[in-house]
Structure formats: structure tokens, C-alpha cells
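A quick note: this is a predicted structure, and the numbers were derived from the prediction, not measured. Numbers restart at 1 for each chain; the letters A, B, ... are given by sequence-line order, proteins then strands.
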Amino acid sequence: MSIGILKSPISLFKQFPTPITSTLHYLSLPTNLSLHQIKQLHARLITAGYDGDSHFTGQLLAALAQSQSTPFQYSLSILNSTQNPSLFAVNNLIRCFAKSESPHQALSLYSFMRKNAHFQPNNYTFPFLFQACSKFMGIIEGTQIQAHVIKLGFFVNVYIRNALIHLYFTSHETKHAKDLFDESPACRDLVTWNVMIAGYAKAGQIDNVEKMFDETPERDVISWSSLITGYVQNGYLEQALDSFKRMMDLQLSPNESILVMVLSACAQLGLIEKGRMIHSTIDSLNFPMTIHIQTGLIDMYAKCGYIEKARNLFNKMPIKDLSSWNVMICGLAIHGLAMEAIDLFEKFLTKGLTPVNVTFIGVLSACSKAGLVDKGCHYFKLMMEKYNIVPEMEHYGCMVDLLSRKGLVLEAIELVEKMSIPPDPVLWVTILGACRTHGLIKLGEEIGKKLIQLDPNHYGNYVQLSEIYAKSYKWEEVVRTRGMINGRNSKKIPGWSLIEAHGKIHQFVAGDREHDMSMEIYKMLDRINTRVLEAGYLPNVVQVLHDLEEEEKINVIKEHSERLAIAFGLLVIGSGKCIRIVKNLRVCGDCHEITKVISKVFEREIVVRDGSRFHHFKRGECSCQDYW
DNA sequence: CTAGGGTTAG
């Protein structure tokens, strides 16, 4: 009896004769059976009197090992009910253990094997063992097993070597992985190259990722997938999109992973035109609308400013997983739709789903963006007490932000001092900023001095402190603090803004004169400045007044990257169409103010995604209500 | 029967 004549696993059950004849001993099961189907089959075998048959035990375990589920107990019980399990069965049990939640059990089984002359490991055993070690970074155990591999003469087996290289990479032993790769060029295949590409990607060594990819003799879709994933995970978003284009130009078909990654690249860059193009590529390829693809699309639309599109896709999803909910909740949060994010989270809970750390980052950041102190504190407590989630830096970040911006600076300080992990200095920077805006001179002075001591090169701390002095009219201190900036190596992250126009990406930095249309852009900027002044816009006087040392800086404020992008947008984006800008840093107060006025006098909708959220500017107002 | 890639926040 051959499995080839059977149409589906279900028909397999129906065609099982009772009692099962000996011809069935040559049966091998199809892969991708569900746990339910395997259990049904198992039941039939028992009723047919084949319980404990060593051949069928092996087949059941092989099917389990290749199924989606990871039933540790069940697979063990199958083996235990067998009198004379085959090596095949034991290997597949190791495989089951390797992918289960307790992969170290694979090693217990291995040491049992070594004590039994009957079950000496073969070439199939070791890849599963190294896979198990990879799951818990068991490089010490792995190295011991490597010694056995050498002793038994299996070290030339390409499957085993690949699994071992993979183990070295997952255990951050990049050097050892490379040595193993270099050692025997003869013992390499396509998988070896792919392991190297993905391994270097995980290690953040993007140069080596590219080198390995270029040197791969023949590439498959996993090679491309590993390259593109490596780019996205290390922030090389444009390169990821370029590689995707290259791949598509070669008429290769993408897989799900590639599509999800390029959607993420578009999401992070805010490239709606490109994102839409990928969406239509997915449609025209008739690519299956999996949960991952749908979730990627929701994330992309939300992060590109189309929250209603994201919402529609989410509501239409027949099956959602945890990530889908997380993406949607976080998407609402970056749009400042705090109440909707909270309502969705409550709906999530009523479905009986269990939130994870990311879910709470979404909820808490929603609360912080809307200044909902009571709700934020409630959910922070709920997270710790009901769900036993230990807060991470990001959760503290939301809470400190929420409390301090609402003026509850002492509460914020108390929270930071009670933290279970050493606080990131950024938390103190947030509190320092709140001291400045709420006029807490003495406290701010103290924190500012401490921060400068902690990191004397951080430019922003001097600025904050000097502004606190300025507020209390301590001019000498202002001058002294400003003077301390000179000669420091500022670690300031360079700010940029980008705008998509007619399928091209245009990126600007402050004072940028590199763009082809620079002349027109600066002319437009002059026009903007004239018209907003007429409309009653006042530049941030305090800031300008005390930037005495370098007059250059006054101009730099006027030439902040988003202003260049807006000017460019007004020039090239058809009137009536919304101008969409993405920037990496938070929008500064002055730019926020001027953008409001621009939206009014030029009658333009302007959407800015800054480092933390969306601002929808319309008719002189912003969706954030000036709280951001 | 074997090894390799995967969305989520600021």
C-alpha cells in the first residue's frame, strides 16, 4: 500500500483495514498531519492491536516531529509504550524534544542512548541534538557532543556541520562558526551559506552578511530571505527594499518572510507608496493572505498614517493572533487614539487572550501620549500583579513620561528609584525636561548636574540645564553651562526628515543644500516665513535669545529638516493633496508651531510622523492638541 | 527521518 494513492490524511484513516495487515508495515505517513489527525491514527492503531509496534511508533513520532504542535509528554508516552523501539523512533523523539519547550530533554535522551549499546547515535541523531542545543544556547553541551561527532567519524557530514555552525552563531560564538566554515570548503552546501548569512545577520555584522551572500555559488529563496531579514533587523531598510527589487527583477518568487520584512521596512520608513506597491504585488501574485502578511499590512498602514485602512484590515481578519492585536493596539497608540487603544485592549481581554510585554507597551504608550495618568497607573499595576510581567525599560519609559509630563515629577522620581533594573539615563532626561517645563528649578538643577556628571558628552543635557537657568534668570549660569558644551564630542543623533514624492524618496537633514531643487526649496522657505509671520506666528524667542554664541544656530532652527521637507512638499505635491513627512526625532516646539500655521495659510493638510507619534496638522491645529 | 529565514514599542 502506497501513500501516493491517498488524497488526504483523512482518507488514510478510512482506508485502514481492521485488523491491519502486515503490508501496512511499509506505510510512511504524510508530513503536516495535525495533532488531532495523529491521535486519531494512533487510536486506530491501538484498536487494531498494533499498540507498541516498533514500526508504527517510529512513524507516529516522525509525524509528530513534523507537525506544528510540540507535545512533549505525548511523544514520550508513545515511545514508552513500545517494547523494542527502533533507532529511527528514538531519533524522532529527540527531534520532538528539540522543538518542544524543554529542548534540554533531548540531551537526557542522548545520554541514555550512549549507555545502551542498542542505540548508538547515527548521522541523523546529531543534527537534532545541535538543534536542541541551539534553543537554549547550550554551547557547552554542544561542544561535548562535537567531540563525540569527531570520535565517531561524522565530522565530515554536511548536515551535522551546518547544525553545529548554526549552534555557534546562536550562542554568539561567531568566531568559532567562521572557523568551522573556513576549515573545510569541501564540506559546504547551499544550507551552509544560508546559515552563514543568517548567522552574521544575527550578530549584526552586515558587511559579512553581504560578503557571504555575494559569494554564495547558487542562491535560493532562503538566501534572499536571510539577506533581507538581516538588513531589516539591523536597520538597513533602504538596502532591504533594494534587494527585494533586485530579487523581483530576477523573476524570483518571494516567500512569506520576505514580504513581511519588506512591509516592515516600509512601515519603519513610512513609505506608503512603496507599501501599497508591495500590497498589490501580494495580490497580483495571488499570495495567500496569511495572518503574518495581514499583520504586516496592518502595521505598514498604521505606521504610514492610514489608521482607518489598518483598522479595516484588522476588523476583516478572520483569525487573529497575538501579534495582530499588538500591532493594532500599538498602531492606535502612535496615532494618539488612546481611548480606542484601551477599548481594543479591553476587548482583547474579554476574548480570554493573555497580554504580553509588548501589549502593555502599546497600552501604556497610549496612556502617556494622552496624559491619562489614572488609566496608565491602573494598567501598569494590572500588568505586574495580574499577569506577572516584570516591567522592562520601555514600560518604565512610558510611565516616567506619563507622570513627569503631567507635572507629577516627584512620583516619577519615586518610580525610578524603586525600579527593579538599573534605570536608563534617558529616564532622568525625561524628568529633567519636565522640571524645565514645570519650572522646578532646584530639582532640575540637581538632576541636570548629575546627568552631566554621568555623561559629560551628552549635548542635550547642557541645553536643558541652561534653559532651566534661563527660566530662573541666572544668566551667568546660562553662559557658564553653554560654555561647557564647547569641545564636547556631541553624541547627538543626526535628525532627518523624509518625504515620498512620485515614487521617489527625498531625505533632508538640517541646513541641507544637497537636493537638486535646493534653490527652489530655500526660496519657498523664505515665502513660508514671510507668510507665517504675517499670520501672527512668533518664533521661539527664549531659545533664539540665548543661543547667542553661535548665530549659525538660529539659522539651523529655521532650516530644520522637516521645514525643508514641507517646503519641498508644497512645491511638488499637487495642491489639495496631503503632505506626509516622516522624521526620526521628535518634532521640536518651534517646528510644531510653524507647521500648524503653515497648514492654515497654505490650506494644506500635513501629516508628520515623528520619533514617537503622528501629528495631523489641519487648519492651524494639530491632532495631538499640543500635548506630545 | 536530518541542517537554514519570520511581523510587535519609543
Mind checking [X] for me? I need base, sugar-phosphate or nothing, with any heavy atom below 4.0 Å counting as a touch.
X        : result
A/His292 : base
A/Gly611 : sugar-phosphate
A/Ser226 : sugar-phosphate
A/Val327 : sugar-phosphate

Inset, instruction - Establish, with yes or no, whether the OP1 or OP2 oxygen of B/dT7 is under 4.0 angstrom from a side-chain nitrogen or oxygen of A/Gln233. - result: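 Yes, A/Gln233 has a side-chain N/O under 4.0 Å of OP1/OP2 on B/dT7.
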
Inset, instruction - Please state whether the phosphate of B/dT8, meaning OP1 or OP2, lies under 4.0 angstrom from any side-chain nitrogen or oxygen of A/Ser264. - result: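 Looking at the OP1 and OP2 atoms of B/dT8, one of them is under 4.0 Å from a side-chain N or O of A/Ser264.
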
Rounded to the nearest Å, what distance is computed from the [atom1] atom of residue [X] to the [atom2] atom of nucleotide [N]?
X        : N     : atom1 : atom2 : result
A/Leu364 : B/dT8 : CG    : C1'   : 15 Å
A/Phe119 : B/dC1 : CZ    : P     : 19 Å
A/Phe345 : B/dT8 : CZ    : P     : 20 Å

Legend entry - Aromatic contact, A/Phe169 with A/His176 (centres under 6.0 Å):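 That pair fails the under 6.0 Å test.
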
Legend entry - Sidechain N-carboxylate O distance under 4.0 Å for A/Asp182, A/Lys178: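 Yes.
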
Legend entry - Validation row: A/Met247, A/Ile258 side chains within 4.5 angstrom (heavy atoms):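 In contact.
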
Legend entry - Polar contact flag, side-chain donor to acceptor under 3.5 angstrom, A/Asn326-A/Ser323: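 Judged by distance alone, the side chains do not pair up.
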
Inset, instruction - Decide yes or no, distance alone: a donor-acceptor N/O pair under 3.5 angstrom between the base of B/dG10 and the side-chain of A/Ser612. - result: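 Checked by distance alone, the answer is no.
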
Legend entry - Verify stack between A/Tyr124 ring and B/dT2 base, 5.5 Å, 30 degrees: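 No; by the centre-distance and plane-angle rule, A/Tyr124 does not count as stacking on B/dT2.
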
